Protein chains: 2
Amino acid sequence: MANLKQLAQSLGLSITTVSRALDGYADVSAATRERVREAADKVGYRPNASARRLRRQRAELVAVTLPSDPGHIGPPHFLDMLSGCAEHLAAAGLNLVIAPVPRGESELNICRRFVDGRRVDAMLLVRTKRKDERVEFLQSRGIPFVTNGRTESLLPHPFIDGDGFAGFRAATLRFHAAGHRRIGHIAGPQEYYFAHDRCRGWRAAMEECGLAPDLCAEGAPLEQGGYLAALELLRQPSRPTALVCATDEMAIGALRALREVDGGSQISIVGHDDLPMGAFTSPPLSTMRMTGEHLGASFASLLLRAIAGEPAEELQELHAIEFVDRDSHRRPLKAA
Amino acid sequence: MANLKQLAQSLGLSITTVSRALDGYADVSAATRERVREAADKVGYRPNASARRLRRQRAELVAVTLPSDPGHIGPPHFLDMLSGCAEHLAAAGLNLVIAPVPRGESELNICRRFVDGRRVDAMLLVRTKRKDERVEFLQSRGIPFVTNGRTESLLPHPFIDGDGFAGFRAATLRFHAAGHRRIGHIAGPQEYYFAHDRCRGWRAAMEECGLAPDLCAEGAPLEQGGYLAALELLRQPSRPTALVCATDEMAIGALRALREVDGGSQISIVGHDDLPMGAFTSPPLSTMRMTGEHLGASFASLLLRAIAGEPAEELQELHAIEFVDRDSHRRPLKAA
DNA sequence: CTTGACTCCCAAAACGTTTTGGAGAATCTT
DNA sequence: AAGATTCTCCAAAACGTTTTGGGAGTCAAG
């Protein structure tokens, strides 16, 4: 309601003094500071954000690009992540703004608009592609950013990612150790780093075991994509006995395909992401998840450190993957 | 990169003229306008957002409060809604910022911070409670806002909501018409308007049919809550033969309880929200959904009209509920 | 030649803060 | 008692826009 000028006037002080009192500078006497604080509290004074941002030359804003392409944005806990991140950024005086990407417009253009209009101090990128033009642009502009997922960019940049390669390799090896020989992979779109990474993990394990990595089908990273991909694999002359799925959503789609084709109890299956839903499917879905608590907080922290100027190399977090064993990965293996 | 002063200098024009040229005012000649536009394009000039906001006395920002309480924030398409809303707001020059609510802090305080710091021009509220202090605060401040869900506030305010009462009443009547007599309700937390509304719908139908509305259990609006509530109802001496669940997530939890207790094929069930996941459960989940496309766009439009000063009464959208029939609502009804 | 209308441009003020570079008074040193 | 130091405070500049209220010049009409 009130601004600094009015507050100062009502106190018989200068704007400067009031401002510095509220900011806790030492060159204002304790008595005055207290008096100012009380008055400010009483009238509910809050500094005008726009004015401060202009003066400080900081936007106090961080943007996260969000493709409006429905459903195509990651797991449900994505929202929790965002909210956690926003919360920790807020503690540092930064707000998180959504940079939606309208159909037909490129994510790159959106980044441009936000960066060149000095609307943000930093950016958060999700769903990275192997070759991600947003990353290159932000690097060229020198604006701090953190990605959720790695890229194949030549210059290092800050990221948080799960070690999908290791996770999917381990899951595949585990199926092999359990006696499976025809282990299929339901893959996500390979232009995304995470999908490619997970696919590579499966492939590496297959080759280590001397098995041909030929039971692989790609689909959209959602239930429907997993359903269709599973049907495709089940049509093969020699069906897989186990399926490693790029995401839980795809795994749940695949589960339905299995129910339709073989009654649902024959083929073992494992997903990735640990959706809450997975505990309630039939059979309960075995899955994997990135280790580490409070993902949002980590993003916020990395972002703040990037803004503070720490070098990219020190701002890279690769988290191990852990199994979440429920039932779907240990269907009885029929006659070897 | 460049600001107005530099751009003006390089063109030999005044700041005023350059500014007005770019804003398309008529009092600058077509020739100059073109010259200015070209130069601006060439250096990639973008007005400094903070400066404009300060001068215009508009934040160009809309906030949506997001409880950081994990999982407690509505259906997955919530994110699509946000993103769609953000997109349409962006077309009007507004950005959507996330106002996270840290544990322990009230949503009211967050609203306060955003509103009193003049950080936003309007607010978007989700998951309304029957008695919602945020609504009262915003009304007292006279700041435009739209809620997702109604409240019991005395003053009217803009909202978008589904007619949960009618939907749940219809669903219950349908079960009755199919011969069910013991129809249970799995309810969400009653302080939320939507949960109370849906519960009222079920209760009304029961009473219309001359049935006692006593098979009702309340739980958290998630899988686990539905699971526990269903177990509770199944422990009753006379079990329900049909269940009407406040949300799909609760219904999916209930489905699991049914599987555990009676093999899963005896009791009919219906949820609400039309989660994509529902098509992939076993049995595929029958559900309801709010009619209307492009929810995000509607929110944006209402918000813009509220900002423009339209009265609240004209900014209320109550959408009908439609059935999405899959399998779970028509389990064979055993011996009447 | 004056008047008015019109076209194109601009100087200056304003938005509300933070920060710079002191100023005046009181206290301490020597 | 003079100089140095410390304590409080403040005027003014700056951040980069948008907007107000004209000011020249040109042209046509009277």
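Below, read A as the first sequence line, B as the second, and so on, with proteins coming before strands; counting in each chain starts at 1. Just so you know, these numbers come straight off a predicted model, no measurement behind them.
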May I ask you to evaluate whether A:T32 reaches the phosphate of D:dT8, defined as a side-chain N or O under 4.0 Å from OP1 or OP2?
no
Measure the spacing between OG of A:S106 and CD of A:E133 and express it to the nearest 0.5 Å.
5.5 Å
Is any side-chain N or O of A:T16 under 3.5 Å from a base N or O of D:dA11, one able to act as donor and the other as acceptor?
yes
Which nucleotide wins on minimum distance to the side chain of B:R20, given the candidates D:dT20, D:dT18, C:dC9?
D:dT20
Please report the closest heavy-atom contact between B:A99 and B:F114, naming both atoms and the distance.
CB-CE1, 3.5 Å
D:dG16 phosphate, OP1 or OP2, under 4.0 Å from A:Q57 side-chain N/O
yes
For A:L7 and C:dT18, what is the distance between atoms CG and P respectively, to the nearest whole Å?
12 Å
Expressed as a whole number of angstroms, how long is the span from B:L4:CG to D:dC15:C1'?
13 Å
Atom-to-atom span, CG of B:N48 to C1' of D:dG16 - whole angstrom
6 Å
What's A:L13 touching, base or sugar-phosphate or nothing? Going by heavy atoms closer than 4.0 Å.
sugar-phosphate
For A:R118 and D:dC15, what is the distance between atoms CZ and P respectively, to the nearest whole Å?
13 Å
Which is more 5' along DNA chain C, the nucleotide nearest A:S19 or the one nearest B:R56? Just name the residue.
B:R56
Taking the six-membered ring of B:Y193, is the NZ or CZ of B:R130 close enough (under 6.0 Å from the centre) and on axis enough (within 45°)?
no
Considering non-hydrogen atoms only, spot the tightest contact between B:R119 and A:A49 and give its length.
CG-CB, 3.9 Å
Could you state the CD1-P distance from A:I15 to D:dA14, rounded to the nearest angstrom?
17 Å
Contact class for B:S50 vs. all strands (heavy atom < 4.0 Å): base, sugar-phosphate, or nothing?
nothing
First encountered from the 5' end of DNA chain C, between A:Y25 and B:L54
B:L54
Taking atom P of D:dA14 as reference, at what distance in whole Å does atom CG of B:N3 sit?
14 Å
Between D:dT8 (C1') and A:R35 (CZ): distance, integer Å:
12 Å
Taking all heavy atoms of A:I160 and all of A:S298, pick out the closest pair and write down the distance.
CD1-CB, 3.6 Å
Expressed as a whole number of angstroms, how long is the span from B:E60:CD to C:dC15:P?
18 Å
Quick one: which of C:dG16, D:dC9, D:dT17 gets closest to the side chain of B:Y45?
D:dT17
Donor-acceptor pair under 3.5 Å: do we get one between A:D27's side chain and the base of D:dC7?
no
Under the 3.5 Å rule, do the base of C:dT18 and the side chain of A:R55 count as making a donor-acceptor pair?
yes
Can you find a side chain N or O atom of A:S29 that sits less than 4.0 Å from OP1 or OP2 on D:dC7?
no
